[in-house]
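Since the structure comes first, as structure tokens, the remarks are kept for the end.
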Amino acid sequence: MEENLNVIPRIGDQAPDFTAVTTKGTIKFSDYAKDKWMVLFSHPADFTPVCTTEMSGFAERKGEFDALNTELMGLSIDSIHAHLAWVNNVRKNTGVYFDFPIIADIDMKVSKLYGMLQPNESETAAVRAVFFIDPSKKIRLIMYYPLNVGRNMDEILRVLEGLQISDANKVALPLNWTKGDRVIVPPPSNLEEMQERIDGEYAEKVDFYLVKKDL
Ligand code: BEZ
């Protein structure tokens, strides 16, 4: 039977569970990183230039992900042997160590489950996907990049921290928000809340539906 690659997880869905061979041993996703955020990301292929820069970017900024209570997990449709050789090669050449699990998705099971295999871009390599998964294992944000354009680590960390700040403070974040900027008070959902936005003292107010405050 033909598999339907168009059925892919969406924001708000529970992250599909899987068991996979990784550079840190076999991992059952639902048992991994309990009570933590996860950034699950794919790259097209080991021993390729853009992927090496991206993977190194994740490794070099792992401390910032740790500080945000977040575990990293990479994936590509390569064998565990290729992964091990690549991790070793990059460490030898640059000193950067990929100290997080990388899934060897040689049977494409996980990449299909997560819509990382987009055949009109490549039939054999995963696109550059990033899934932001909260501690309840709900998918909160998804990025997809093509094979020829690398991702932006500042943006990955910005949206991860943004999700956490938004959750913790029940606020929304405006265009180009970065940490320390004013945040948006959620728009009113009833007349009482509308009046409160009109009468309340706020750092910035355009009208009742666009009100900002400092955290
Ligand atoms: C790269 O990472 O450089 C790359 C991988 C697959 C296709 C094109 C570029």
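All ligand and atom numbering here is 1-based and tracks the order in the structure.
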Between the side chains of Arg140 and Asp167, is the shortest nitrogen-to-carboxylate-oxygen separation below 4.0 Å, so that they form an ion pair?
yes

With a 4.5 Å cut-off on side-chain heavy atoms, are Met73 and Ile103 touching?
yes

With a 4.0 Å cut-off on heavy atoms, is Pro49 touching ligand 1?
yes

Between His81 and Asp78, is any side-chain donor less than 3.5 angstrom from a side-chain acceptor?
no

Check whether the side chains of Glu193 and Ser189 place a donor and an acceptor atom closer than 3.5 Å, and report yes or no.
yes

With atoms numbered from 1 as shown, which atoms in ligand 1 lie under 4.0 angstrom from a non-hydrogen atom of Pro44?
5 (C), 6 (C)

Students should be able to answer this: which protein heavy-atom is nearest to atom 3 (O) of ligand 1, and at what distance?
Val50 N, 2.7 Å

Within the structure, does Ala45 bring an N/O atom to less than 3.5 angstrom of an N/O atom in ligand 1?
no

Using heavy atoms and a threshold below 4.0 Å, how should the contact between Glu121 and ligand 1 be classified: side chain, backbone, both, or neither?
neither

Can you report which non-hydrogen protein atom sits closest to atom 2 (O) of ligand 1, along with the distance?
Cys51 N, 2.8 Å

Do the side-chain N and O atoms of His43 and Ser76 include a donor-acceptor pair separated by under 3.5 angstrom?
yes

Ring-ring centroid check Phe58 Phe41, cutoff 6.0 Å:
yes

Atom 4 (C) of ligand 1: which protein heavy atom is closest, and how many Å away?
Arg128 NH2, 3.6 Å

In terms of residue, atom name and distance, what is the protein heavy atom nearest to atom 9 (C) of ligand 1?
Leu147 O, 3.8 Å

